[in-house]
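Each remark here refers to the structure printed beneath this line.
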Number of protein chains: 2
Amino acid sequence: MKPEVPSPVSRKVTLNDVARLAGVSVATASKALNGRKQVRAETRARVVEAAEQLSFSPNELARSLLADRTGTVGLLTNDLEGRFSIPILMGAEDAFGADSVAVFLCDARGDAIREKHHVQALLSRRVDGLIVVGSRTDPRPSLGRELSVPVVYAYAPSEDPEDLSIVVDNVGAGRSAVDHLVSTGRSRIAHITGDPTYGASQERAEGALAALADHGLSLVGEVRFGSWTESWGRAAASMLLGQHPELDAILCGSDQVARGVMDALREHGRTVPDDVAVMGFDNWEIFTNGARPTLTSVDMNFERLGRVAAQRLFAAIDGEPRSGVEALDTRVVIRGSTVPG
Amino acid sequence: MKPEVPSPVSRKVTLNDVARLAGVSVATASKALNGRKQVRAETRARVVEAAEQLSFSPNELARSLLADRTGTVGLLTNDLEGRFSIPILMGAEDAFGADSVAVFLCDARGDAIREKHHVQALLSRRVDGLIVVGSRTDPRPSLGRELSVPVVYAYAPSEDPEDLSIVVDNVGAGRSAVDHLVSTGRSRIAHITGDPTYGASQERAEGALAALADHGLSLVGEVRFGSWTESWGRAAASMLLGQHPELDAILCGSDQVARGVMDALREHGRTVPDDVAVMGFDNWEIFTNGARPTLTSVDMNFERLGRVAAQRLFAAIDGEPRSGVEALDTRVVIRGSTVPG
DNA sequence: GAAAGTGCCGAAAAGGCTTTCTGCGAACCG
DNA sequence: CGGTTCGCAGAAAGCCTTTTCGGCACTTTC
């Protein structure tokens with residue numbers, strides 16, 4: 001005697017099985033489960049029950065094949081271990097609403113060949129769209145215009161202005177950092193930042209200088225470029241204190257640099273924030289919250305970046321493409337290193 | 001006059017188009033492109049050329065539907081912003097060889113409901129297997145035994161011993177840390193660690209105590225549990241130095257804690273490593289390399305964890321399931337905080 | 001009481017691909 | 001020279017689902 005109901009999820013239950021158990025055709029079963037309005041309530045109930053009994057779960061592959069939409073997007077990153085991809089991924093997942101869309105994640109590791117390969121693989125899996133996340137803010141080569149699905153570039157913009165890119169407004173971030181320092185009464189502000197080959201360091205410095213000019217101030221010394229490390233922060237701060245002991249604030253190109261700067265200040269007997277204010281960029285909380293005092297920093301809103309990228313991609317998939325570069329603003333997160341208490 | 005060749009990748013080129021252009025049937029085209037041995041070399045060449053001309057890329061959906069394999073795995077994480085998922089993901093991507101397999105990434109954010117949901121979604125997309133990554137080392141609930149595809153648990157083991165789990169050997173990590181400290185001549189070793197509700201802190205402490213016993217030593221004071229933060233490290237170290245000024249090494253439960261401990265030591269006028277050696281766990285390089293001196297730490301080999309998990313999943317997909325908990329060993333990365341240098 | 005409408009259900013096609021099976025001409029064997 | 005392989009190409013079935021369309025049994029309308 002064969003069991004009426006095959007073992008729970010043993011092997012791939014199909015709509016056919018459901019239909020047979022409910023005593024209807026597959027067509028009716030499909031309509032019943034999808035809420036189509038051409039099936040009697042009683043029949044629908046029978047089908048639904050059969051489906052539950054078999055724990056039927058429709059084969060999305062078949063469905064996608066028919067609908068010519070997979071409900072799937074590819075996220076192509078180059079910075080998996082880095083600071084940017086993950087929050088962006090989170091934001092994107094958020095915006096997609098895990099209900100309807102799944103994310104294919106690939107890491108090209110900065111290699112163009114590998115990238116091509118991944119794009120090819122994603123396309124052959126018929127993703128509905130692509131988000132490309134860079135590892136730096138500098139423009140990157142476009143994937144091309146003939147790609148059969150929409151593409152949105154996040155963090156690093158595409159070199160092709162016809163593409164749509166969502167980026168962070170680093171110039172604005174620099175401005176708002178200086179604005180904050182000035183608003184806390186600082187006027188002798190220095191700037192120690194990271195690798196000069198990064199667009200981010202240049203742009204943040206540019207914004208900072210512009211804001212200083214707006215306030216009728218000028219930078220103490222020159223912009224100090226170096227690397228994105230704590231040790232550079234320490235070294236640069238020591239030098240700076242020797243040359244310009246009068247400074248009352250140091251704006252740092254990243255939270256890591258800021259940590260180094262704070263270390264150096266302490267060793268030079270300067271107190272933060274009363275004597276010297278310090279702030280960083282990125283709002284990387286493992287750094288900002290471990291600092292003494294906790295570190296004021298400019299948050300780049302990466303999650304929002306991810307959400308916006310996802311929304312734009314959706315819009316493009318639905319036939320409303322955009323192009324150009326969209327810069328999102330940032331926000332200053334105030335902590336103890338700029339205001340006492 | 002219509003163009004002979006439709007615009008490059010304009011809209012979804014199918015095998016049919018290729019076949020027509022090559023003047024053969026779809027069956028033959030399929031065989032030609034897949035290297036089946038039932039097609040003349042000359043015919044094959046014609047088909048291949050047609051495919052290239054149209055930049056044909058086979059629809060994996062259709063192929064999967066037929067083959068009942070998608071070449072797709074789901075990675076279900078609970079710790080996307082955390083320290084563990086990303087390297088594991090990298091290792092997994094590595095092992096899969098991006099050629100053949102794509103990874104669906106989902107973050108359940110520690111919510112069981114959301115997790116069920118994601119599993120359901122992944123299964124309906126017919127992934128070939130699942131890797132579940134936990135956010136802590138403590139055992140987690142199983143997804144169940146009747147899941148139609150193989151599952152491998154990584155980092156956090158499943159509560160069900162019939163499942164296969166790949167974890168880090170935290171006890172062994174604790175042992176090897178002490179072994180290293182002893183080998184550099186330390187004998188008055190204290191231990192400051194993190195949140196006591198974490199299995200990781202308990203197991204590392206257990207291993208450390210066992211190794212001390214093996215060396216005929218005992219811990220200086222008690223194990224100090226607290227939180228995984230720099231500030232806890234600072235506070236605990238200050239207390240400890242007051243009570244046990246004779247200590248010559250502090251083993252810290254994480255790199256963050258170690259950073260706090262090193263700060264406190266410096267402020268108490270103790271030098272590292274000559275006076276007191278310090279080491280951490282996790283080998284999180286943004287912390288270890290920013291420290292002064294750089295921090296010796298136990299690397300958990302997360303990438304290898306990911307690779308092994310992926311390999312085991314493959315084996316299971318290919319019909320060689322395993323079960324139980326497989327603990328991978330760790331390795332001490334020696335830097336300046338334990339050996340002068 | 002016939003014509004038109006309604007409500008439900010099933011047959012069939014479609015989507016793109018692989019695979020089996022059939023068929024056909026050529027080469028081979030006896 | 002008839003019959004058997006063999007090599008190669010095509011027709012068709014199948015994977016699983018959705019959707020269109022046709023059909024059947026009623027009910028409603030004049």
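Residue numbering restarts at 1 for every chain, and letters A, B, ... go by the order of the sequence lines.
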> For the pair made of CZ in B:R126 and P in D:dC15, what is the distance, rounded to whole Å?
Replying inline: 14 Å

> NA contact type, B:N34, heavy-atom cut-off 4.0 Å: base, sugar-phosphate, or nothing?
Replying inline: sugar-phosphate

> Tell me: CG of B:L15 to P of D:dG14, nearest whole Å?
Replying inline: 20 Å

> Tell me: CG of A:N59 to P of D:dC15, nearest whole Å?
Replying inline: 12 Å

>> I need the CZ-C1' distance between B:R46 and D:dA9, as an integer number of Å.
In response: 11 Å

> Does the side chain of B:R40 get closer than 4.0 angstrom to OP1 or OP2 of D:dG7 through an N or O atom?
Replying inline: no

> Below 4.0 angstrom, N of the basic side chain to O of the carboxylate: do B:D111 and B:R109 qualify?
Replying inline: no

> How are the rings of A:F84 and A:Y155 set relative to one another: parallel (under 30°), tilted (30 to 60°) or perpendicular (over 60°)?
Replying inline: parallel

>> Looking at B:R63, I'd like to know whether one of its side-chain N or O atoms comes within less than 4.0 Å of OP1 or OP2 on C:dG16.
In response: no

> Closer than 4.0 Å, any side-chain N/O of B:S30 to the OP1 or OP2 of C:dT18?
Replying inline: yes

> Hey, does A:T43 reach any base, or is it just sugar-phosphate, or nothing, if we go heavy atoms under 4.0 Å?
Replying inline: sugar-phosphate

> Whole-Å distance between C:dC9 C1' and A:R44 CZ?
Replying inline: 13 Å

>> Quiz question: by atom type and distance under 3.5 Å, do the side chains of A:D79 and A:S135 form a donor-acceptor pair?
In response: no

>> Any carboxylate oxygen within less than 4.0 angstrom of a Lys/Arg side-chain nitrogen, looking at A:R312 and A:E326?
In response: yes

> Picking from C:dC9, C:dT19, C:dC21, which would you name as closest to the side chain of B:Q38?
Replying inline: C:dC21

> Considering only side-chain heavy atoms of B:L65, which listed nucleotide, D:dT17, C:dC17, D:dC16, is closest?
Replying inline: D:dC16

> Does a side chain donor of either A:T77 or A:S85 reach within less than 3.5 Å of an acceptor in the other side chain?
Replying inline: yes

> Of all the nucleotides listed (D:dG10, C:dC9, D:dT19), which has the minimum atom distance to the side chain of B:T28?
Replying inline: D:dG10

>> Side chain of B:A27 only, heavy atoms from C-beta on: which candidate in D:dT17, C:dG16, D:dA12 is closest?
In response: D:dA12

> For A:R36 and D:dT18, is the shortest distance between a side-chain N/O and OP1 or OP2 below 4.0 Å?
Replying inline: no

> Quick one: B:L66 CG to D:dA12 C1', roughly how many Å, whole number?
Replying inline: 13 Å

>> Rounded to whole Å, please give me the gap between CG in B:D17 and C1' in C:dC17.
In response: 13 Å

> What about A:K31, does its side chain sit under 3.5 Å from the base of C:dG10 through a donor-acceptor pair?
Replying inline: yes

> How long is the line joining CG of A:N16 and P of D:dT18, in whole Å?
Replying inline: 13 Å

>> Quick check: on DNA chain D, is the nucleotide nearest B:V26 upstream (toward 5') of the one nearest A:E60, or the reverse? Name the residue that is more 5'.
In response: B:V26

